[in-house]
Amino acid sequence: MRGARLIRVEARRPDLRFPFPDGFVQRLTGARIDVLERRAKYLLARLDRGDTLVMHLGMTGRFEIEGAEVSRRPGEFHYAAPADPKHAHVVFETEAGHRVTYFDPRRFGYMDLIATDGMARHPWFAALGPEPLGEDFNATHLAKALAGRRQSIKVMLLDQRIVAGLGNIYVSEALHRARISPLLAAGEIRPAPLKALVEAVRAVLAEAIEAGGSTLRDYAGADGALGYFQHRFRVYDHEDEPCGRAGCRGVIQRTVQAGRSTFYCDTCQR
DNA sequence: CCCACGACCTGTGGGC
DNA sequence: TGCCCACAGGTCGTGG
């Protein structure tokens, strides 16, 4: 979509999680996408008209790309999964003849158009923490952000103001790798474990990206490829199974924190 | 300010 | 086999 001009845009219902903004279709039709990027869990398409199309997949959102130039060569798109017309909510067609469709059975995703020059002040972006794979996410930043916080480290890592982009699965996985209990008060973790945590977060994300993400039910890349990282979960959804850490005889526990499942080994995570 | 909880919406998987 | 309930990857608003 980078560099593509949108010649037809269709919103097949008035809303996803939130209503589409006023003039959504008109403001997109005829616009060119100058830059396609990501911040935290938001996909950003910067348009040549001063607006940015902001898209969030929620939990079940998915894009499919159909192209005029169908190809089986690596790196080119050849989506061939069965269509799911009931949940095809937004369709973008480019001048070059590609169609990009947003599907979202649960409609937890959302889209908005916001002024590009005011994005930093927009509530979705103003308070976001650093990118977990960037230099600004480090033990010093974490120590500062968590100082005095009595909330559990698990819940704090899900807070996008502390670090932007971790979700429920990867937080459980990172804490296990760092051997830190998800139940610990965030402000009481010493510098050395915080450093280990930063490295664990980076390692989990890097491996997950390398494996094409995690497919639980309906996740797929825009080319239709399924992710494989779910086979490498060490704790997530492994309740009652033995802890896989070498030398650890613990059993994976499941608990609930802030309404979300947490998986951990209460033997090696302290 | 901090925190817990429910809401949003639909599909699926497990238990009976 | 079929039904019902609990639960699901994320955020946001409310109320204590």
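Numbered from 1 within each chain, the chains take letters A, B, ... in sequence-line order. Just so we're clear, the structure is a prediction, and the values are computed from it rather than from any experiment.
Judged as a side chain to side chain contact (heavy atoms under 4.5 Å, CB included), and not counting sequence neighbours, the contacts of A:Glu239 are A:Arg254, A:Phe263. With sequence neighbours left out, the side-chain hydrogen bond (donor to acceptor under 3.5 Å, both in side chains) criterion links A:Arg5 to A:Asp48. Listed by chain and residue number, A:Asp84 satisfy the side-chain hydrogen bond (donor to acceptor under 3.5 Å, both in side chains) test with A:His87 (two or more places apart in sequence, or in another chain). Not counting sequence neighbours, the partners of A:Asp159 by the salt bridge (Lys or Arg N to Asp or Glu O under 4.0 Å) test are A:Arg161. Scanning for salt bridge (Lys or Arg N to Asp or Glu O under 4.0 Å) contacts around A:Arg12 gives A:Glu10, with sequence neighbours left out. Remark: A:Ala4 pairs with A:Thr94 by the side chain to side chain contact (heavy atoms under 4.5 Å, CB included) rule, at least two apart or across chains. Scanning for side-chain hydrogen bond (donor to acceptor under 3.5 Å, both in side chains) contacts around A:Asn168 gives A:Lys154, with sequence neighbours left out. Here A:Gln160 pairs with nothing under the side-chain hydrogen bond (donor to acceptor under 3.5 Å, both in side chains) rule; sequence neighbours left out.
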Short N/O separations, protein against nucleotides 7-10 of chain B, under 3.5 angstrom:
residue	atom	partner	partner atom	Å
B:dC9	O3'	A:Arg107	NH1	3.4
B:dC9	O2	A:Arg106	NE	2.9
B:dC9	N3	A:Arg106	NE	3.3
B:dT10	OP1	A:Arg107	NH1	2.8

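Annotated stems with DNA chain B as a participant read B:2-8 with C:10-16, B:10-16 with C:2-8, given as range with range, by first number; only runs of 3 or more Watson-Crick or G-U pairs under 3.5 Å qualify.
Cluster partners of A:Ile114, using a side-chain heavy-atom cutoff of under 4.5 Å among ILVMFWY residues and allowing indirect links, are A:Phe18, A:Tyr42, A:Leu44, A:Val54, A:Tyr110, A:Met119, A:Trp124, A:Phe125, A:Leu128.
Non-hydrogen atoms lying under 4.0 Å from DNA chain C are contributed by A:Arg254, A:Arg260, A:Ser261, all within residues 252-264 of chain A.
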